[in-house]
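One structure below.
Throughout, a chain's letter reflects where its sequence line sits, starting with A, and its residues are numbered from 1.
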Protein chains: 2
Amino acid sequence: MKVTRKSDYGLRALCTLARQYNGDPVSIGQLSAEHKIPEPFLEKIMQELREHGLVEATHGRGGGYLLKKRPSHISLREIVHALDGPIALVTCLDPGLKCSIEEGCPTSPIWEIVNEKLEEYLASLTLSDVMSIQEREKVPS
Amino acid sequence: MKVTRKSDYGLRALCTLARQYNGDPVSIGQLSAEHKIPEPFLEKIMQELREHGLVEATHGRGGGYLLKKRPSHISLREIVHALDGPIALVTCLDPGLKCSIEEGCPTSPIWEIVNEKLEEYLASLTLSDVMSIQEREKVPS
DNA sequence: ATGAAGTCAGAGTATTTTACTCGGATTTTG
DNA sequence: CAAAATCCGAGTAAAATACTCTGACTTCAT
């Protein structure tokens, strides 16, 4: 319904995997330690990212996760959709509620427009963008 | 934190008041009946809109609410801010959480950018826009 | 072949946020 | 002064979010 911590945590983990692109798999343990995310929660998150084809996992010793696509080919929208589902800025936009279908609802048209703008914007940003913006912010001390 | 039903209900009520601009005050009873919003809840909402200077109330018999500004001078952003506070698309953007201040947080910079875009867009839309979009949608049957 | 390091899968729980109620006071008009 | 309205503060119910737990399965090194 909104962008929850799942998406935030997922994005953090994906940043690490992006740095490690073409390198060794990274385990849940490493990821959760680096970003201070509760292990079992992150486990769930990585599973969902895998089910949506964003990462791939290797089992057993030395295993972990790797990006399945280039960082520049993974959009924020994909990530958020994988973890929080399609954005419904307002409750009444939630798929499954009749509100948006009803004739003469004064507000759903405008919310749909705003919602669509947001989705478009998220679709225009990729994991590479996130990395470079992050780099720019880092003040070398 | 997100756009809740309060903002949606508030916007609906404001649409009615916009139609009634320069007319008689509209009571909670009328508004809640027209939009099927629980009366005591809408009461709270109208109070908050008044506290933020978007509407004015008159007491007693024949009383109710009126817009305090022209519909074209009331932005969606104002309405949402009055009822749900500043938008924090992601939990970590909530004012009061340190996350956004921490050095080296990989995600908060991007969320801030997206959040700002959304706020800007909401600021660009007014109550008049909402009315005309609604009008356009109405399919005369 | 076995045990350690890892993921997989599903159900279950705690916390927080949202949505809404209640009761009584206050103001205005007929 | 009574009826019609808003005002105000506290409190409750429902829903969504943010997690945990348990046990299985896979892979690899020794």
Report task. Using whole Å, report how far CD of E48(B) lies from C1' of dT6(D). Result -> 15 Å
Query raised in the report: Between dT18(C) atom C1' and F41(B) atom CZ, what is the distance in whole Å?
Result: 8 Å
Query raised in the report: Quick one: is dC8(C) close enough that its OP1 or OP2 comes under 4.0 Å of any side-chain N or O from R50(A)?
Result: yes
**Report entry** Interatomic distance where CD belongs to E51(A) and C1' belongs to dG10(C) [whole Å]
**Finding:** 11 Å
Requested in this report: Remember a base hit wins even if backbone is also touched, and classify P38(B) as base, sugar-phosphate or nothing at under 4.0 Å, heavy atoms.
Outcome: sugar-phosphate
Requested in this report: Mark yes or no for whether E116(A), through its side chain, and I113(A), through its backbone, hold a donor-acceptor pair below 3.5 Å.
Outcome: no
Query raised in the report: For T91(A) and dA15(D), is the shortest distance between a side-chain N/O and OP1 or OP2 below 4.0 Å?
Result: no
Query raised in the report: Below 3.5 Å, does any donor atom in the side chain of E43(A) face an acceptor in the base of dC8(C), or the other way round?
Result: yes
Query raised in the report: Counting only N and O atoms by type, is there a donor-acceptor contact under 3.5 Å from the side chain of N115(B) to the main-chain atoms of I87(B)?
Result: yes
**Report entry** Distance test, side-chain N/O of R5(A) to OP1/OP2 of dC19(D), below 4.0 Å
**Finding:** yes
Requested in this report: State whether Y9(A) places a side-chain N or O below 4.0 Å from either non-bridging phosphate oxygen (OP1 or OP2) of dC19(D).
Outcome: yes
Requested in this report: Start with the C-alpha gap between C105(A) and R12(B), add the side-chain angles, then the distance that decides, and say whether side-chain contact (heavy atoms from CB on, under 4.5 Å) holds.
Outcome: CA-CA 9 Å; C105(A) 169; R12(B) 286 170 198 235; 3.6 Å; yes
Query raised in the report: Looking at V3(A) and S7(A), what are the two nearest heavy atoms and their distance?
Result: CG1-CB, 3.8 Å
Query raised in the report: To the nearest angstrom, how far is E39(B) atom CD from dC20(C) atom P?
Result: 14 Å
Query - First encountered from the 5' end of DNA chain D, between M46(B) and K44(A) - result: M46(B)
Report task. Starting from C1' on dT17(D), measure out to CG on L83(A) and report it in whole angstrom. Result -> 14 Å
Report task. Measure from the side-chain heavy atoms of A57(A) and tell me the nearest of dA9(C), dT7(C), dA18(D). Result -> dT7(C)
Report summary line: What one should report as the nearest heavy-atom pair of V130(B) and L76(B) is CG2-CD2, 4.2 Å
Report task. Side chain of K2(B) only, please: which of dT18(C), dT6(D), dC8(D) is the nearest? Result -> dT18(C)
Query raised in the report: According to a strict under-4.0 Å criterion, is T58(A) in side-chain N/O contact with OP1 or OP2 of dT27(D)?
Result: no
Requested in this report: Could you check H59(A) against R61(B) and say which one's nearest nucleotide on DNA chain D is further toward the 5' end?
Outcome: R61(B)
Query raised in the report: What nucleic acid atoms does G64(A) come within less than 4.0 Å of, heavy atoms only: base, sugar-phosphate, or nothing?
Result: sugar-phosphate
Query raised in the report: Looking only at side-chain N and O atoms, does T4(B) come under 4.0 Å of OP1 or OP2 in dA19(C)?
Result: yes
Query raised in the report: Can you tell me how far P of dC19(D) sits from CD1 of I28(A), to the nearest Å?
Result: 15 Å
